Amino acid sequence: MLKKLSLATVSAVALASGAFAAGDAGHTHDVDFSYEGPFGTYDQNQLQRGLKIYTEVCSSCHGLKFVPLRTLADEGGPALPEDQMKAYATAFPINDELSNPQLFDKDLEEYRTLKPTDNFPALYSANAPDLSLMAKARAGFHGPLGSGINQLMKGIGGAEYIASLMTGYTGEEKEEAGTTFYENTAFPGGWISMAPPLYGEDVDFADGHSNELHHEAEDVAAFLRWTAEPHQDARKRTGFVAVFFLVILTVLLYLTNKRIWAPIKRKD
């Protein structure tokens, strides 16, 4: 595991910077995530699996500095039991102390343990991007000449891009200017300086779900979609209520209009 994590630190910043060798746009495959569509919602079990992958594989290199730890217990998210969420917060390591001065206890002269009211700690020492909003920062689907027309049917596809990137490594490598590049069918240009972070069977899931590479990739991509859009389910419910009342209001206004103008129309 340590070997895999160290590989990820080599040049993971490429995921955020978008730096790539000259070439065509990468291929993003569509994934049927549970949250898609007007009636879709996050899969709680999938989010918990994605959290486990992030914790055990990704967290040594990538931070989630915009995500409050307490939200791991929220409905519509991983929905961890309150005691598990608190235990998770207490046990989560601070891998980059210099990037988290707010956690330094001047009285104890040491960095304190995290509390549920804290966000995930920032992490810059590995030169890797923060993943809090990565699923919104990346677009998986575009269109002719970058028009974005494909997004009308498939959405932006940030999570699909992440899943495709995790599974897009071909095993081919090359070295240029002292940097090792890895061939990846999803990355624009075809070569990325981030080594494969997932290989399959990296973690074991409590629910017995498959830990094959494409399942792990989809689970962590769904989790990162939730970190970027944690209130999506609540917004959808609010939207349905608003549309319902708008329909009722439209009907009432139509009937009122008919009643007001009916006598005048009869005179005509």
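If you're wondering where the values come from, they're calculated on a predicted model, not measured in any experiment.
L72 and Y35 end up in the same hydrophobic cluster when Ile, Leu, Val, Met, Phe, Trp and Tyr side chains are linked at under 4.5 Å.
Y54 and T227 share no donor-acceptor pair across their side chains, judged by distance under 3.5 Å alone. Q46 and D219 share a donor-acceptor pair across their side chains, judged by distance under 3.5 Å alone. Side-chain polar atoms of S164 and H29 form a donor-acceptor pair below 3.5 angstrom.
Between K174 and E176 there is a salt bridge, since a side-chain N of the basic residue sits under 4.0 Å from a carboxylate O of the acidic one. A salt bridge links D118 with R112: at least one charged nitrogen is closer than 4.0 Å to a carboxylate oxygen.
Looking at Y169 and P197, their side chains come closer than 4.5 Å, going by heavy atoms from C-beta outward. In this structure the side chain of E160 reaches within 4.5 angstrom of the side chain of V31, judged on heavy atoms. Inter-residue side-chain proximity for K136 and E229 is flagged as met; some heavy-atom pair is nearer than 4.5 Å. Considering only heavy atoms from C-beta on, S59 stays 4.5 Å or farther from F120 through its side chain. The shortest side-chain heavy-atom distance between E218 and F33 falls under the 4.5 Å cut-off.
Proximity of the aromatic rings of F240 and F244 is defined here by a centroid distance below 6.0 angstrom, and this criterion is not met.
With E110 contributing its side chain and D105 its backbone, the two residues share no donor-acceptor pair below 3.5 Å.
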